[in-house]
Amino acid sequence: MKDILTAPFVVEMEKTTANMYRLGWDERNGGNISYLLDEKEVGEYLDLTKVIRTIPLGFDATKLKGKIFIVTGTGKYFKNVEFDPETNLGILRIADDGQNVELLWGYKDGGKFTSELPAHLMSHISRLSVDPTNRIVMHCHPTYTLAMNYVHELDEKKFTHTLWEMCTECIVVFPDGIGVLPWMLCGTNTIGEATAEKMKEFRLVVWGMHGIYGVGKTMDEAFGLIETVEKAAQIYMLTCNRPRINTITDSQLVELAEHFGVNYRKDFLDL
Ligand code: 2HA
Ligand code: ZN
């Protein structure tokens, strides 16, 4: 058996959480990541018949039964993951009854998965239904995106359109736009269900006045989506109090989308 601490997916979780922390997206215990793993690959590092603990889920995840995820722990700080992955992360398998998870590694101090696991697993179910290669669900509190939530209408079309105007590459990176939820109580099945509904349509979902979710086939895709939104939101926040002299027009946005061959939300433009 290989050493789990050398597993690429553990190292990737360490590097990503450290990176997000240093970007200021994950203060204190803010943010969470879940990463769908390949069973065969995990089997090289862990005895998959050895379950450390069974933990109740509090919702039905039958559609994911048998699937294995590495997930950040509840109350844990992203800044600490790289120094103590076995306490701050857990590897869990969705039990056959869909009501529990089987802990295979981690949460060493008796801890458990993030409080946002409903939103994560329900989002995995949604994304897998539209993209069977999706693996990552990432949540964080990026500063400018959050700031923008207080001064910009929380409307999907308007929010997306404003961000598309802020950097030339935005419409190419997230042509599918951004789903927006109003402020809702976090850590609940209700916000999980609402997020998952949006995830059928979007790879990015803003939680009003809380943060953002990004998904992808890889850590780079999920991270890159959020990073691009955050950059655009920063430009917006740096310019929104000043007269706008120049902008990227809707016809230029179309030109970009057509040149790069992306399937963009035409209804998010005013043509
Ligand atoms: O886990 O970000 O949404 C901390 C959070 C809750
Ligand atoms: Zn949060």
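Each ligand, and each atom within it, is numbered from 1 in the order the structure gives. The figures that follow rest on heavy atoms only: side chains count, while hydrogens, waters and symmetry mates do not.
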*Asks:* Has His210 got an N/O/S atom less than 2.8 Å from the Zn ion (ligand 2)?
*Replies:*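 So His210 does bind the Zn ion (ligand 2) by this criterion.
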*Asks:* Could you tell me, atom by atom, which parts of ligand 1 come under 4.0 Å of a heavy atom of Gly30?
*Replies:*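 Those of ligand 1 that fall under 4.0 Å from Gly30 are 2 (O), 4 (C).
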*Asks:* Ring centres under 6.0 Å, that's the criterion: do His139 and Tyr213 meet it?
*Replies:*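 Ring-ring flag for His139/Tyr213: true, centres closer than 6.0 Å.
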*Asks:* What residue and atom, counting heavy atoms only, is the protein's closest point to atom 4 (C) of ligand 1, and at what distance?
*Replies:*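 Its nearest protein heavy-atom neighbour is Asn29 O, 3.2 Å.
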*Asks:* Any idea which N/O/S atom from His141 gets closest to the Zn ion (ligand 2)?
*Replies:*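 Going through the N, O and S atoms of His141 one by one, NE2 ends up nearest to the Zn ion (ligand 2).
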*Asks:* Heavy-atom contacts with Gly31 under 4.0 Å: which atoms of ligand 1 show up? List them by number with element.
*Replies:*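 So the answer, numbered in order with elements, is 1 (O), 2 (O), 4 (C), 5 (C).
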*Asks:* Kindly confirm or rule out a cation-pi arrangement of Lys266 over Tyr264, judged by NZ or CZ under 6.0 Å from the six-membered ring centre and within 45° of its axis?
*Replies:*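 Cation-pi check for Lys266 and Tyr264: passes.
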*Asks:* Find all atoms of ligand 1 within a distance of less than 4.0 Å from any non-hydrogen atom belonging to His139, and give their numbers and elements.
*Replies:*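 Matching atoms, with element in brackets: 2 (O), 3 (O).
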*Asks:* Give the atoms of ligand 1, by number and element, whose distance to some non-hydrogen atom of Asn32 is under 4.0 Å.
*Replies:*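 Those atoms are 1 (O), 2 (O), 4 (C), 5 (C).
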*Asks:* Salt bridge (Lys or Arg N to Asp or Glu O under 4.0 Å) for Arg265 and Asp267? Distances and angles first, verdict last.
*Replies:* CA-CA 5 Å; Arg265 285 289 298 249; Asp267 56 324; 2.8 Å; yes
*Asks:* Ligand 1 and His141, any nitrogen or oxygen pair closer than 3.5 angstrom?
*Replies:*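 Yes - when backbone and side-chain N and O of His141 are compared with those of ligand 1, one distance drops under 3.5 Å.
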*Asks:* Is His210 close to ligand 1, meaning an N/O of one under 3.5 Å from an N/O of the other?
*Replies:*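 There is such a contact, yes.
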*Asks:* Would you mind running through ligand 1 and noting each atom that sits below 4.0 Å from a heavy atom of Glu116?
*Replies:*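 With Glu116 as reference, the close atoms of ligand 1 come out as 3 (O), 6 (C).
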*Asks:* Only one of Ile52, Ile70, Leu48 clears side chain to side chain contact (heavy atoms under 4.5 Å, CB included) with Ile91; which?
*Replies:*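 The side chain to side chain contact (heavy atoms under 4.5 Å, CB included) with Ile91 is passed solely by Ile70 among Ile52, Ile70, Leu48.
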*Asks:* Sub-3.5 Å donor-acceptor pair from the side chain of Glu86 to the main-chain atoms of Trp105, do we have one?
*Replies:*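 No.
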*Asks:* Do the ring centers of His120 and Phe69 come within less than 6.0 Å of each other?
*Replies:*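 No, the ring centres sit 6.0 Å or more apart.
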*Asks:* May I ask whether Met138 and Ile125 are part of the same hydrophobic cluster, defined by side-chain heavy atoms of I, L, V, M, F, W, Y residues being less than 4.5 angstrom apart, directly or through others?
*Replies:*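 No, Met138 does not connect to Ile125 through the hydrophobic network.
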